[in-house]
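All chains are named by letter (A, B, ...) in the order of the sequence lines, taking the proteins before the strands, and each is independently numbered beginning at 1. The structure presented is a predicted model; accordingly, all values stated were derived computationally and were not measured. For the numbers below, each heavy atom of this structure counts, side chains included, while hydrogens, waters and symmetry mates do not.
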Amino acid sequence: MSVLTESTIALSSGPVTDPGASQLLEVSMGPQHPSTHGVFRMDVSLDGEQVVKLKPVFGYLHRNHEKIAENESYLGCMPYTDRLDYICSITNNWAYALAVETLAGIKVPERAEYLRVITGELTRLQNHASLVGFLMQDMGASGTPLMYAFREREKILDLFEALTGARMMCNYMRFGGCRVDAPAGWLQQAQKVIDAFPKFLDEFESLLRTNEILMARTQGVGRVSKELAINAGLTGPMARASGVNYDLRKVDSYGIYDRFSFRVPLGEFGDVYDRYMIRLLEMRESLEILKQAMREIPAGPIMDPGTKIRGFRPKAGEAYGRIEAPKGELGFYLISDGTGNPYRFRVRPPSLINLTVLEDMCLGRNVADIVIILGSVDIVLGEVDR
Amino acid sequence: MSPLSGYLLLSALLFSIGLAGALTRRNAILVLIGIELMLNAANLNFIAFWRYGPNPAALTGVMFTIFSISVAAAEAAVGLSIILAVYRHSKSINLDAMNSMKG
Amino acid sequence: MNLEAIKSEIEANVPGCRLEIIPNTSPSAQHSLLVDSAHAFTVASFLRDGASVRLDYCSNVTGIDWPLKEISTKTKVKKLVDGVEKDVDEIVKTQTGGYLEAVYHLYSMEQRQGPVILRMRTEDRTDRVHLPSLTPLWRSADFQEREAFDLFGIIFDGHPDLRRLLMWEGFVDHPMRRDYVDPDDYEYEPTAHDEVLKRAKEHQAAEGGL
Amino acid sequence: MTISFFIIAAITIVGTAAAMSLKNLVHCVLSLTLGLVGLALLFLLLGAQFVGFTQILVYVGAVAILAVFAIMMTRSAEPMTNLPPASFRLSGVLIAATVFAVLAWAISSATRSLPSQSSQPEVSVNQIGVALMHQFVLPLEVIGVLLTAALVGAAILAMDETGASR
Amino acid sequence: MPEIIDQIFVLLKHWLMGYVPSLLKPVVSAILSVVPVLLAFPLLFAITTVLERKGLGRMQNRYGPNRVGPFGFLQPMADGIKSLTKEDIIPRTADHLVHLLAPVVIVIASFLVYAVLPIGRNMVIANLNAGVLFFFAVGSMVELSVFMAGWSSRSKYSLLGAMRAIAQMISYEIPLVLASIVVIMAAGSLSTVTIVNLQATYTGIFPHWYVFTPWGLTGFIIFMIAATAESNRCPFDLPEGESEIIAGYYIEYSGFKFALFFLGEYLGMFATSAMAITLFLGGWAAPFSFLTWIPSYVWFFAKLLALICAFIWIRGTLPRLRMDQLMNFAWKFMLPLSLINIFAAGVWHYMPAGASRWLVVTLVIAVACVLLSRGLRRNQWFHVRTYRFAS
Amino acid sequence: MLGQGILKGLAETARNFFGSYINKDRLTTVQFPEERLPQIEATRDFPFLVYDGTDWDQGMRCVSCQICEKECPPKCIYIVKSADKKPDATGKPQFYPARFDIDISVCMSCQICVEVCPFDAIKMDVDFELSTTDRFGGLLLNKQQLAKSNEYYNKIHPTEAAAVDAALADERAKADAKLRQAAEAKAAAAAAPPTPPAEKTVVQ
Amino acid sequence: MDEQLKSELRRQGVVATSLQELYNWGRKSSLWPLNFGLACCAIEMIATTMARYDLARFGAEVFRPSPRQADLMIVAGTVTKKMAPQVVRLYNQMPEPKYVISMGACAISGGPFKQGYNVLKGIDRYIPVDVYIPGCPPRPEALIDAFLMLQKKIDEQYLTGPTRPRHLNADMPSEFIVPEFGEHDLVPTQNRDVWQVPLVNISNAGKNESGSD
Amino acid sequence: MTNHPYLPILVLLIGGAGFAIGPLALAWIWAKKFSPQKSGPSKNAVYECGLESKGDAWIKFKPGYYLYAIIFLIFDVEAVFLLPFAVAFGGFTPTQAIDMLVFLLLLVAGLVWACQKKILSWI
Ligand code: SF4
Ligand code: SF4
Ligand code: SF4
């Protein structure tokens, strides 16, 4: 009955090397390393430049998010979620709001749902754009792709700022809706950004999609099989690059995602190139969603009038709410004991769990490969360590 | 002292330094370096003789040196490889340790 | 497939296991399945491989600390007090908690269903509490179990590499337990809230400040 | 006998002597390089420009690199602690000194019979090339074979046992 | 008049020499010819660093340095002052002497190669018989200094960087030498001056640059790729690959020693570019006969600047290669191709002038290129993929 | 062909390079200290206290209800409630903060204080140039430093401030009406003791 | 002084300025930051170097990955206790003169996370900080502003005399205690030589006090 | 002293060395006069991403590097022969060129062998 053989689960052993042949160089990459995307550390054993052992070390950005949240009100937890995956604060807000809504059975008004989709997909755009930029940076491109990506990101951040007041830490959603309605002209402004975005994608693709160096460096590197991807709980672009058709926007259809038609790109090889391309393709799909949402967004209230934001006390119980964040499945597991503070506040961070297979991907590869493999996982330390 | 004898003396000195090194050091790589040095001392002789010799137009000295350099290079490559190979067995490049391997 | 059905199926397939459904009264209605730790691994592997559920994807693993808590409920009881029947508030004290819990959120990617929530409870809240590790079944539990070990102190037996994940080696506490006390590294905070002020007084007294 | 000769000779001797006596192998190789550069300069001084540069190209550019790589492969970058016993070293030095004495005597006694003067010979690379392809074709081919053999042999020797089967 | 301007520096030197006592003449003459080089190229280094930062900036939709001094051109001066006054740290476990020597050696070696580069008509420090060989011989000293730097720091990253750097430099040195062989075959001389002089003749208005032959073009391309690798420039900047091994072999260098490495690296880049110009692009020769009135050194520096800009442009665009790809490329593509190029040049020589030899030689090279790139791709077959979508 | 993708990329950077000299889109830099981005209305940075009128101390809207202090997630607000009352802008006697400090070295600019304040007394500022070399002196803002006029508020957040002003005016009108009513009542029943002004209920 | 110096340099070249001015000018015009980010603020730091804000204009885009070549440490983000020793060590390994910008609430005081058990309440407990930027995260402009402030600070330093900055004074330390991991907390929890704070006036605090002081 | 061809090169060497050593000396003087060197156990430790470096960096490396060095050495020597040949190439008959070709082919054979043996594959 079992489709999984043990070998897919056990760590694949590295290539056989004679231990006496050469000495292993024990290097720790990180916590201060230009391409660990923050304070991540990998203890690497190198044979020449080949990785024979790699152990990730976490916790350099362990900010006790869960503990702090236990002493915060449900509202007070919201700004903290911004700082989880600090590149995509809005989707974090959303996941948390969704979890609280599940916990307390709150309905969200139409317009708020649309605003959530719009901001959420914009977040996905800017996350993926900066990720591919960072990935290229890891690959040694001297900043140009990253600069282009950030050029677009800034446009989206301007939108966020106009809507929520902050560039990064939006603190935008509330259980039961959104904090503020889009100001006058915002939607038009957003439309402009969305319309201009494909141009950037084209530009980016002509810069780097078919680049031979890029292809040579990424294809076949850091492969993850479909079975391993499922077993290791990979989600998001990571899983889809391995051919796992699992997109919570389709699976759970949370919010109003069942109203939009969009496609889920799937990779075949599960290597770095696939992950890179899946992200590029997902951006195009996000643009599709955005176009539809911008067309259909209704007028109306943005907050559920029945929900008390301050002094919110849900009934005792627990709930797990999850969304498809740009990095994968972002879940919040909340336990309420009926008081104003969550009894247990747990974040299921996609990037931490996506890192599970890091060693499998890196064994037997080159130092230079580790860097881009890590880059292609798309981690944000705020979320990994919380 | 004529220039030639100066060169010859220098060459002899280099040769002896190489020899001394090869004899006193037990490190295989150093011994090899000593041998290279002796070869080089010989090269110096060739060139000096060509330069001050009776028939500088013949170029033999120069050609010989060039060939000698190539041979020395090949020798260095092979020699160092042998040292590496032995090292892999004995985990040492100390000549004594290599000797003790024989038994 | 609802939880009842799953429960009965497990019971049919894994003899001897003790299962209990923990109801969830909140609107989310995500009920969970409590498994005894002796059979947890078998149950979990059945859940993973069983054709009807195929929970091939373990999304979330976490620990919860339930310290021993006395809940006093007032009930009105009729009682004879001095021969007269009166309504008397009687306080019934029930003890709950006193254990650590590991919770697994399982989904099926194949059949697109879930979550099935699996819970395991430890005996008590001492420093050496054991639960079986499900990492051999789901690799995704690897880091999360390590985290639970780090922050809650649950030792997962059978975990391939159980080390602290977030805190440094040599750290002795389990900070996510509810009775954990922060180290007193108070110094000075310009916004002196009461508790801060209290600490300030202590510290300055100790250091001979103002 | 110009000043330049003495300066260069001094460089060479210092370099080579250091190469043979320093403790750290990498230092040895580096000072050997210095000595060999000195030797190359001597070649230049003698008018053999091509040979001099070849010497630098081959020895500094390649053999030294090979040697340091070999050192890195054998983990002997650390200073050597267990030097051979003094008596052993002394005997080696003595032998070398004797050899030098004999050679020096031979040279000085033969000086008179040696040709002492000639005009500065002009050797252009062109001449070398012509000579190479006319008189020295056979040696050239032999060297070709030798180099190839050395390549193969050295590579086989240096490869790991496991590496070879890759 | 153009001749006078062209030769102004030469004449100036002659004029100055007239005042020098004859005993000191050789020394003074040597100094007079060396000093301009010692001034011009470090200055070029300073300008290039600013240009590079500004150019990259423009490629990335920003200004780049523009505050320090007019248009930011005093930036290198500020950097220099800063480096000069910065504390010099030598790691405790480092090998102090070698640590100190490494940057000095790299700068010396980088400067030395300029001895044979003609920067204008009659403007060369030493017209050596075996100039090209001198260039390569002295150039190979850089490898050793890189090793010295990496090894003496005794840091893992620096050692890894040094090993990478040496492996890379030695791998690309062979194609570099072999690519220049074709020119030497055609010119029949190792003297750079002769090589340039041969190219400074014109048929009609077109010069006889070696780049205008199939083997010359191939040689030039090989030479430039190898030069990029030799000078550790993107996409071959693995030895200092920031994202992988942090800063490579000079990771432990601070203060002015670090600046010296930078200087050495840039000087090396200029030198190899200048050599490419000398060998393939006619050195100081004007590209058209009617432009010969522009002084020769202007042409030389114009060409040099053009190549530098190309380097910057490439740096602003490309990601870096991986070590194994880099090595494969050197040994399995560049080396065979440069050998075939030599063969092609030989064929060219023995075939009668005319269209037929153009055809044959081009064909030989093209076929070799295709076959070799096939072989290269066989190791790792990459392609542009298409993606499926879940329904 | 090998190299095609590379050439494409080179063309792209070249386009950007030359474009930067002609096209504003290709040179997005805002040269900060001299040039500034247009002020976005919603921007928030740190909170400030709004006062009406000209006297910052008298006109302060804050009634020291301490809701924001409680709700502030990182607890960076410190309020000491006054013992006495003083009249607010409408002349209604209110408590006022004897001390109101915000530690902006802790503040996370989350705007929750603004959201929960029932009196529109605290708003978000847009000033970000607060860098300082003095941590303890420079980053603990006291009441005076926090107080900014309503005009300033109107300047930085015009739409929002207009709405707030309208709502306040409305309330004030109501309060005035009430006062007037009370006065009338007082006049009518001169003997009756004056009713205390109705305590405003906290509405979310 | 800044403008004046600039025009001076422009007009007459460098010779006309004094050694101290030249030194300060060189240092402040070539501040190379350490390529080092900790958390969210690091993203804004990166954004500052990107096209929109372009820190490169000030000659500061040369983010050096190795502390040996860096002049400026931008502590951008939360310093956790697990990370603090590394931060201090990196700072120690930077050559003098070195500067620290503490960017964001977290780096100043622990910020929103200061209640956490693993969060250091301000990096200035261990290393001296030159400029603090409040904000969470500070806008890129705020970082540039702080950068200019640091430049100004450098510009006002004296080369000699008793008021000369730390790095010119042989008696002042240039490396600081690297804390060690203890069983519950870092040991020591602060460096007394660096961290001097005003004591709370306990008798007064908490009581009514006019805000107009 | 004669007008020796290597004299300018010597001057260049000295100049280059001066260019390197001069600023270093200047920096040293600066450090002596104004900015004292302060070393310490942590400052002068080897950098390793902010951690304390464990283990020695001087370890035994992979033979892969060495193999490249061998091939490089061989081809370097080959270049030495190729250069004079190339210089005199203009005067050679095709037979002599073929002699050289044979020489080259021998080495190429070695290269091909090395390729086949996977010596020339990194990792
Ligand atoms: S903005 Fe947030 S953190 Fe700042 S004072 Fe208001 S509530 Fe507190
Ligand atoms: S909530 Fe508003 S009125 Fe109440 S204390 Fe805070 S600022 Fe003042
Ligand atoms: S100050 Fe705010 S933005 Fe900066 S690191 Fe801390 S939480 Fe993140």
Side-chain angles (χ1 to χ4, degrees), chain A residues 68-69 71-73 75-80 82-83 141 144-145 147-148 150-152 154-155 157-172 174 179-180 182-186 196 199 202-216 307-312, chain F residues 1-17 19-20 25-30 37-47 67-68 70-75 107-118 123-126 128 156-160 163 202-204:
Chain A
I68 289 173
N71 300 316
E72 288 289 347
S73 65
L75 172 62
C77 288
M78 188 59 90
Y80 281 99
D82 284 338
R83 284 142 182 95
T144 311
M147 295 271 181
Y148 292 172
F150 264 67
R151 185 184 69 207
E152 297 312 304
E154 287 293 341
K155 293 181 190 158
L157 290 191
D158 281 349
L159 284 182
F160 285 169
E161 191 173 350
L163 179 63
T164 72
R167 289 157 49 84
M168 278 171 71
M169 305 307 175
C170 299
N171 185 16
Y172 179 54
R174 293 286 178 266
R179 182 162 56 80
V180 285
W186 188 84
K199 198 171 141 249
D202 294 340
E203 191 182 294
F204 201 88
E205 288 191 7
S206 84
L207 179 68
L208 279 169
R209 178 175 177 164
T210 56
N211 186 303
E212 282 81 2
I213 297 180
L214 175 106
M215 286 196 283
T307 310
K308 209 167 114 202
I309 296 294
R310 193 165 73 78
F312 178 74
Chain F
M1 202 194 92
L2 204 62
Q4 208 172 5
I6 292 176
L7 291 180
K8 247 196 213 165
L10 284 172
E12 196 57 56
T13 38
R15 188 151 59 232
N16 272 289
F17 180 80
S20 75
D25 265 5
R26 296 235 189 253
L27 188 63
T28 52
T29 310
V30 178
L37 286 169
Q39 177 69 51
I40 294 179
E41 217 194 306
T43 306
R44 56 179 144 101
D45 233 300
F46 295 108
I67 294 177
C68 53
K70 224 169 283 136
E71 286 291 332
C72 169
K75 307 274 177 284
C107 172
M108 68 205 279
S109 311
C110 64
Q111 205 175 4
I112 281 183
C113 46
V114 176
E115 233 175 307
V116 296
C117 175
K123 291 294 166 198
M124 295 306 272
D125 204 347
V126 292
F128 53 82
I156 57 174
H157 301 303
T159 332
E160 191 190 306
V202 177
V203 254
Q204 165 54 43

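- Contact record, Pro79(A) with Met108(F): CB-CE, 3.6 Å, taken as the closest heavy-atom pair.
- Contacts of Arg179(A) with chain F are made by side-chain atoms alone, with heavy-atom separations under 4.5 Å and no backbone atom involved.
- Counting heavy atoms from C-beta outward, Ile40(F) and Phe160(A) have side chains that stay 4.5 Å or more apart.
- Between the side chain of Glu12(F) and the backbone N or O of Phe204(A), no donor-acceptor pair lies under 3.5 Å.
- With chain F as the partner, the residue from Ser73(A), Cys77(A), Ser206(A), Ala166(A) showing the most heavy-atom pairs under 4.5 Å is Ser206(A).
- Between Gly76(A) and Pro73(F), the closest heavy-atom pair is O-CB, 3.7 Å.
- Between the CZ atom in Arg167(A) and the OG atom in Ser109(F) there is a gap of 13.0 Å [rounded to 0.5 Å].
- Chosen from Thr144(A), Ile213(A), Thr164(A), the residue pairing most often with chain F at heavy-atom distances under 4.5 Å is Thr164(A).
- Most heavy-atom pairs under 4.5 Å with chain F: of the set Arg151(A), Glu203(A), Glu205(A), Met78(A), this distinction falls to Glu203(A).
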With side-chain contact (heavy atoms from CB on, under 4.5 Å) as the test, would you mind laying out the steps for Asn171(A) and Arg44(F) before giving the verdict? CA-CA 11 Å; Asn171(A) 185 16; Arg44(F) 56 179 144 101; 3.8 Å; yes
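- Considering all non-hydrogen atoms of both residues, Ile6(F) and Glu212(A) come closest at N-OE1, 3.2 Å.
- Proximity to chain F (any heavy atom under 4.5 Å) is restricted, for Glu72(A), to the side chain, taken from C-beta onward.
- Annotation: maximal heavy-atom pairing with chain A below 4.5 Å, among Thr28(F), Thr159(F), Ile112(F), occurs at Ile112(F).
- Here CE of Met169(A) is found 15.0 Å from CD of Gln111(F). Values are rounded to the nearest 0.5 Å.
- Considering every non-hydrogen atom in both Ala162(A) and Ala42(F), the closest pair reads O-CB, 3.2 Å.
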